[in-house]
Protein chains: 2
Amino acid sequence: MSKGQETRQRLLDSAQQLMYSRSYSDVGVQEICKDAKVQKGSFYHFFSSKSALTVEVLEQLKMQMIKSILMPAFAKDLTPAKRFERFIEYAYQYQVQIKEEYGYVLGCPMGNIALEMSTQDEKIRKKVEMLFESIFYVFVDVLDDAKAVGEIDSESDTLELAQVCLAYGEGVLLMAKTKNDPEVIKQLLPHVSKLIGFKANKQ
Amino acid sequence: MSKGQETRQRLLDSAQQLMYSRSYSDVGVQEICKDAKVQKGSFYHFFSSKSALTVEVLEQLKMQMIKSILMPAFAKDLTPAKRFERFIEYAYQYQVQIKEEYGYVLGCPMGNIALEMSTQDEKIRKKVEMLFESIFYVFVDVLDDAKAVGEIDSESDTLELAQVCLAYGEGVLLMAKTKNDPEVIKQLLPHVSKLIGFKANKQ
């Protein structure tokens, strides 16, 4: 990595961490530069604005979420239903760890920015919408597997169910953040199996 | 209403409308005063800070939500399952109307502030947590009715189901805001009946 790339990466990492723990609006370019140990003048060499930086932060976040939670949780060594159980456990453990580190359940970094910024910055709104779409396809994939092995009804609309799962996951993380309690995830997220209609839960 | 009460009310209404359409952090005391046509000096006669004002705005919001959506939707002239259907229709219509007025789906004003402010202002976080609890009890009531008339299983844990409903509703509103599309509500919210386990949906 060149010195320029390293500087750019430090700005991304500082912005991600500061915004996730507080909010987009509460963190300014000056603070991001200070945290990243970068001169403010250099910032605009790398990013045209805080908004442009945030779009890149969101992309980085998505990659991290997919790599550290979604891919390992939904790896195909387990049945689709068991993959969902592992996903719930990983999502819970992640927020437990976040609370230990920051003192707060920080919830979903994408959902946070979506609710704060969707009416104020169209590029950010569109970016979050696209990121949710990437996660949506991860759900479609596991739901299609569930259908193929007969764990869910053969007539299930997996495209719609994937949207339902995503919405429920975001809602549970919102409640966990509001209550500042990761146990909310462990208590509420397993109900997702009723939304999906896993046959084991119908018996 | 005295002149002082009227001034106070104008500040609350301006803050509510400005914050709901943008965000807490994006709206300052100066702009609230300008919108409410109140001298900035008077602001601190009524509220000790923007945070204190916001706690009162949240209380006002809750009362409006209960009066304009929750009470009419869950009125006992229909069966519990039908009340949920009416709630979905009202929540949808409300966001359709909001989008016509503002150009954006604004989602849940309480959820918005929860995700933006929960790590930054403990009084605001606690207030949103309490407001969600008020709404939670509205759900408990209708779910208990559903249990009493046999629409859901007699062993259903209505306290847990009410939390599940609340989380799902917030998640659906989050997705509708992110996609800036009220149709998301109409498409996804009816799946709440699977979470509740209405017997008609099992047949």
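Residue numbering restarts at 1 for every chain, and letters A, B, ... go by the order of the sequence lines. Because only heavy atoms are used, hydrogens play no part in the values below, and waters and symmetry mates are left out as well, while side chains stay in.
A 4.5 Å side-chain heavy-atom check between A/L53 and A/I32 finds at least one atom pair inside the cut-off. A 4.5 Å side-chain heavy-atom check between A/L115 and A/L174 finds at least one atom pair inside the cut-off. Under the 4.5 Å side-chain criterion, counting only non-hydrogen atoms from C-beta, A/F74 is not in contact with A/P80.
Your options are B/G107, B/G169, B/G111, B/A176, and the one with the most heavy-atom pairs under 4.5 Å with chain A is B/G111. For chain B, the option among A/V128, A/V172, A/L195 with the highest count of heavy-atom pairs below 4.5 Å is A/L195.
Residues passing the ring pair (Phe, Tyr, Trp, His ring centres under 6.0 Å) test with A/F46, sequence neighbours excluded: none. Every residue meeting the ring pair (Phe, Tyr, Trp, His ring centres under 6.0 Å) condition with A/F43, not counting sequence neighbours, appears here in chain and number order: A/F47.
Between B/F136 and B/L159, the shortest heavy-atom contact is CE1-O, 3.1 Å. The two residues B/I88 and B/P190 make their nearest non-hydrogen contact at CD1-CA, 3.7 Å.
Only the backbone of B/V105 comes within less than 4.5 Å of a heavy atom of chain A; no side-chain atom from C-beta onward does. Only the side chain of A/L161 comes within contact range of chain B, with heavy atoms under 4.5 Å apart.
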Using distance alone, with no hydrogens and no angle check, list the donor-acceptor pairs under 3.5 Å between chain A and chain B.
{"unit_1": "A/S21", "atom_1": "O", "unit_2": "B/T119", "atom_2": "OG1", "d": "2.7"}
{"unit_1": "A/S23", "atom_1": "OG", "unit_2": "B/Q120", "atom_2": "NE2", "d": "3.2"}
{"unit_1": "A/L115", "atom_1": "O", "unit_2": "B/K177", "atom_2": "NZ", "d": "2.8"}
{"unit_1": "A/T119", "atom_1": "OG1", "unit_2": "B/S21", "atom_2": "O", "d": "2.7"}
{"unit_1": "A/Q120", "atom_1": "NE2", "unit_2": "B/S23", "atom_2": "OG", "d": "3.2"}
{"unit_1": "A/R125", "atom_1": "NH1", "unit_2": "B/T178", "atom_2": "O", "d": "2.7"}
{"unit_1": "A/E160", "atom_1": "OE1", "unit_2": "B/Q187", "atom_2": "NE2", "d": "3.1"}
{"unit_1": "A/E160", "atom_1": "OE2", "unit_2": "B/H191", "atom_2": "NE2", "d": "2.6"}
{"unit_1": "A/Q163", "atom_1": "OE1", "unit_2": "B/K179", "atom_2": "NZ", "d": "3.3"}
{"unit_1": "A/K177", "atom_1": "NZ", "unit_2": "B/L115", "atom_2": "O", "d": "2.8"}
{"unit_1": "A/T178", "atom_1": "O", "unit_2": "B/R125", "atom_2": "NH1", "d": "2.7"}
{"unit_1": "A/K179", "atom_1": "NZ", "unit_2": "B/Q163", "atom_2": "OE1", "d": "3.3"}
{"unit_1": "A/Q187", "atom_1": "NE2", "unit_2": "B/E160", "atom_2": "OE1", "d": "3.1"}
{"unit_1": "A/H191", "atom_1": "NE2", "unit_2": "B/E160", "atom_2": "OE2", "d": "2.6"}
{"unit_1": "A/K194", "atom_1": "NZ", "unit_2": "B/L195", "atom_2": "O", "d": "2.7"}
{"unit_1": "A/L195", "atom_1": "O", "unit_2": "B/K194", "atom_2": "NZ", "d": "2.6"}

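A distance of 14.0 Å separates CE in A/M110 from CD1 in A/I124, rounded to the nearest 0.5 Å.
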